[in-house]
Participant: 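So that we are looking at the same thing, I have put the structure below in structure tokens.
The sequence lines fix the lettering, A, B, ..., with proteins before strands; numbering per chain opens at 1. Note: hydrogens, waters and symmetry copies are ignored here, and every other heavy atom, side chains too, is used.
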There are 2 protein chains.
Amino acid sequence: MVATIKDIAKYTGLGLATISSYLNGGNVREENRKKIEAAIKELNFEVNEVARGLKTNKTKTIGVVIPELNINFCTEIITAMEDVLRNHGYATIVCDCRTNKELEKNAVDFLFRKRVDGIINMPVNSDGSHLSCFHKAKKPIVLIDRKINGIECDYVLVDNLTAAKNAIQRLIDNGHKRIGMVGGPEDVFTAQERMLGYKLALMEAGIVPEDRLIEHGDYTINGGARCLEKLVKNNRDMTAVFVANHEMTMGAVIGINELGVKIPEELSVIGFDNTEFARACKPKLTIVTQPKEEIGKNVAELILKRIAENKSEQEIEYKIIKLQTDIMEGNSIRNLKK
Amino acid sequence: MVATIKDIAKYTGLGLATISSYLNGGNVREENRKKIEAAIKELNFEVNEVARGLKTNKTKTIGVVIPELNINFCTEIITAMEDVLRNHGYATIVCDCRTNKELEKNAVDFLFRKRVDGIINMPVNSDGSHLSCFHKAKKPIVLIDRKINGIECDYVLVDNLTAAKNAIQRLIDNGHKRIGMVGGPEDVFTAQERMLGYKLALMEAGIVPEDRLIEHGDYTINGGARCLEKLVKNNRDMTAVFVANHEMTMGAVIGINELGVKIPEELSVIGFDNTEFARACKPKLTIVTQPKEEIGKNVAELILKRIAENKSEQEIEYKIIKLQTDIMEGNSIRNLKK
DNA sequence: ATGAAAGCGCTAACAC
DNA sequence: GTGTTAGCGCTTTCAT
């Protein structure tokens with residue numbers, strides 16, 4: 001039903017090796033090249049990558065495991081990453097594990113059985129045990145966004161601590177002192193870093209961080225709304241709030257609108273990483289932006305490099321790339337000094 | 001480096017068939033079962049799906065080709081779809097073709113070479129020629145969201161005509177007569193349907209559709225903003241506007257905010273399919289919602305059914321599933337009758 | 001430059 | 001229930 005190189009060997013009267021050579025860019029006599037091309041067209045031949053993969057022990061495929069496909073941070077990175085990988089002849093299998101450790105392990109195992117040439121993961125499980133099969137097989141692993149202790153591999157991270165510090169500093173520069181924080185889950189690496197940045201910035205400005213000004217959300221829209229409402233209700237004196245991720249930024253704005261609080265007159269807001277929403281907000285939101293495209297590119301280049309290397313011994317010097325964030329200006333911060 | 005069934009045959013002293021039988025749920029003597037399981041653990045064995053796929057001519061993998069990974073409509077559908085497929089032992093390879101016909105063809109060919117068992121596509125190319133390899137190989141094709149003439153396969157569509165009609169009807173019920181439309185690209189199936197719904201609803205209410213009230217955007221945020229600004233500037237008498245997709249809804253709100261127009265006092269708005277943004281808007285947006293989860297589930301079930309069938313002759317009765325939309329109530333429509 | 005033949009890791013007859 | 005063997009479609013020596 002589907003043509004194989006045998007079929008086109010028969011059709012052209014040539015041997016298998018010649019066809020294979022042609023398919024892999026080898027030298028073939030002009031005359032035979034034409035014959036082969038005619039046969040390929042006639043028989044609708046397309047290389048069977050499954051067979052090729054079995055033989056070469058390379059699938060030219062990279063596995064990607066992320067917590068959620070619906071997170072813009074993930075899709076932006078994947079899009080940028082795929083662009084680079086595709087241009088190098090690599091495809092990706094993306095698995096969304098629904099922020100579930102068990103599904104994450106399943107996804108990694110699945111990708112291993114599919115014999116992908118390397119794996120890219122924004123890890124949910126923070127002990128890294130789910131990656132052991134790739135580790136044992138000495139297949140490249142590149143981790144995104146979240147540092148894991150005890151697993152040797154490459155990383156592409158964001159400097160979340162500085163990101164949060166800069167955000168808080170911006171509020172302090174505008175005269176704010178009672179600054180709330182809608183933070184993420186306490187066990188998530190990025191959330192910890194952002195929280196630390198928040199506290200450090202306050203302390204360096206001589207302000208003592210207070211628990212009452214801190215809420216821990218779950219990085220979801222609804223969580224963000226809930227946290228913000230609590231924060232506003234419990235802290236009449238709070239003049240500004242920092243929201244520490246994309247989804248919660250949206251949620252916080254929902255909460256603010258539902259409470260009828262005015263931005264920035266009654267509450268100044270600095271959000272995280274949700275640039276399109278920030279632009280559509282009224283007033284426009286000031287926001288911390290992450291270099292998603294750069295992350296994607298770095299991840300792709302890193303894994304391609306590892307695959308190309310003679311994957312030698314433990315001689316590999318693993319890289320930790322840490323990228324900086326930026327702030328996109330909006331009108332959601334009131335200047336209390338004026 | 002990586003264990004094969006040969007290794008575990010040697011390790012256990014059993015034959016290959018026994019191991020294979022065990023792996024595929026066959027009957028194995030209790031005693032041997034234990035031996036095999038011990039060996040698998042000891043040697044970190046994981047089935048090589050590449051080899052299995054070559055042998056069985058089934059990869060238990062479905063290809064998915066979508067225009068953009070960053071479109072929430074796509075990711076929601078994929079997430080729902082994957083859930084069903086995963087539960088049936090199928091994995092997915094998702095390819096994002098950047099709304100580019102050439103890349104779309106490349107993606108489909110790539111998936112064919114990978115010998116996926118079926119393909120799901122939200123097509124960019126409206127002549128369907130990119131799917132011919134699957135068609136010729138009699139591998140199942142399920143198309144989403146956009147109808148293509150001249151390709152025989154299953155479809156899961158949304159009733160966009162009724163969706164748009166209902167949206168316009170809602171505005172008419174509230175006393176609006178000069179209703180603008182931010183439509184999509186003229187060559188996109190869903191955009192055509194929504195435009196038709198808009199015109200039909202107006203005509204049924206005795207209102208003559210006017211070109212000056214119609215702008216064609218490109219389904220992007222910036223396009224939506226641009227269209228809305230044109231519409232407002234050219235039509236001082238326009239009291240309401242219908243925005244016909246997710247991204248442009250966000251863009252339209254950006255445009256409205258930048259012009260300083262008040263919703264709904266100066267302009268009533270009904271958007272499309274962007275429920276989370278609608279909630280975060282001020283005021284809350286009234287919006288047409290698409291049953292994304294249901295689409296995903298239907299797509300998955302349909303392709304699984306086709307794969308399971310004895311993929312007989314042209315005896316297949318292709319299905320066209322058409323799902324209905326809903327309206328999520330907000331506060332962005334002014335009642336002119338009061 | 002081309003052909004013959006072996007083999008990648010697995011499944012599926014088939015025989016026992 | 002288990003072992004033996006052939007073969008899926010390709011690449012890759014090795015001759016020629």
Participant: With no hydrogens and no angle check, do the side chains of A/T99 and A/Y219 hold a donor and an acceptor under 3.5 Å apart?
Facilitator: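 Absent: no donor and acceptor within the cut-off.
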Participant: Does this structure show an ion pair linking A/D109 with A/R113, if we count only N-O contacts that are shorter than 4.0 Å?
Facilitator: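 No, this pair does not count.
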Participant: Within residues 30-63 of chain B, which residues have any heavy atom lying less than 4.0 Å from an atom of DNA chain D?
Facilitator: B/N32, B/L54, B/K55
Participant: Charged N to carboxylate O below 4.0 Å: is that the case for B/E68 and B/R98?
Facilitator: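 Result for this pair is yes, salt bridge flagged.
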Participant: Between which nucleotides of DNA chain D, read 5' to 3', does contact with chain A run, using atoms under 4.0 Å from its heavy atoms?
Facilitator: D/dC8 to D/dT12
Participant: If the condition is side-chain contact (heavy atoms from CB on, under 4.5 Å), which residues does A/K58 pass it with, not counting sequence neighbours?
Facilitator: A/T56, A/D117
Participant: Is B/E104 salt-bridged to B/K101, cutoff N-O under 4.0 Å?
Facilitator: no
Participant: Excluding sequence neighbours, so at least two apart, what forms ring-ring contact (aromatic ring centres under 6.0 Å, His included) with B/F134?
Facilitator: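 B/F134: ring-ring contact (aromatic ring centres under 6.0 Å, His included) contacts with B/F112.
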Participant: Contact class for A/S20 (heavy atom, under 4.0 Å): base, sugar-phosphate, or nothing?
Facilitator: base
Participant: With 3.5 Å as the limit, what N/O pairs link the protein to nucleotides 13-16 of chain C?
Facilitator:
none

Participant: Distance check needed: C/dC8 C1' versus B/D7 CG, whole Å only.
Facilitator: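 Those two atoms, CG and C1', are 13 Å apart.
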Participant: Where each residue is assigned the nucleotide of DNA chain D containing its nearest heavy atom, which of B/N27 and A/S21 is assigned the position nearer the 5′ end?
Facilitator: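 Per heavy-atom nearest nucleotide, the more 5' residue is B/N27.
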Participant: Using 4.0 Å as the upper bound for N to carboxylate O, is an ion pair formed by B/R306 and B/E309?
Facilitator: yes
Participant: Can you name the residues that form a side chain to side chain donor-acceptor pair (under 3.5 Å) with A/E301, not counting sequence neighbours?
Facilitator: none
Participant: Do we see a donor-acceptor contact under 3.5 Å between the side chains of B/K114 and A/N48?
Facilitator: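 The answer is no; no qualifying pair exists.
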Participant: Any chance the side chains of B/E37 and B/Y22 put a donor and an acceptor closer than 3.5 Å?
Facilitator: yes
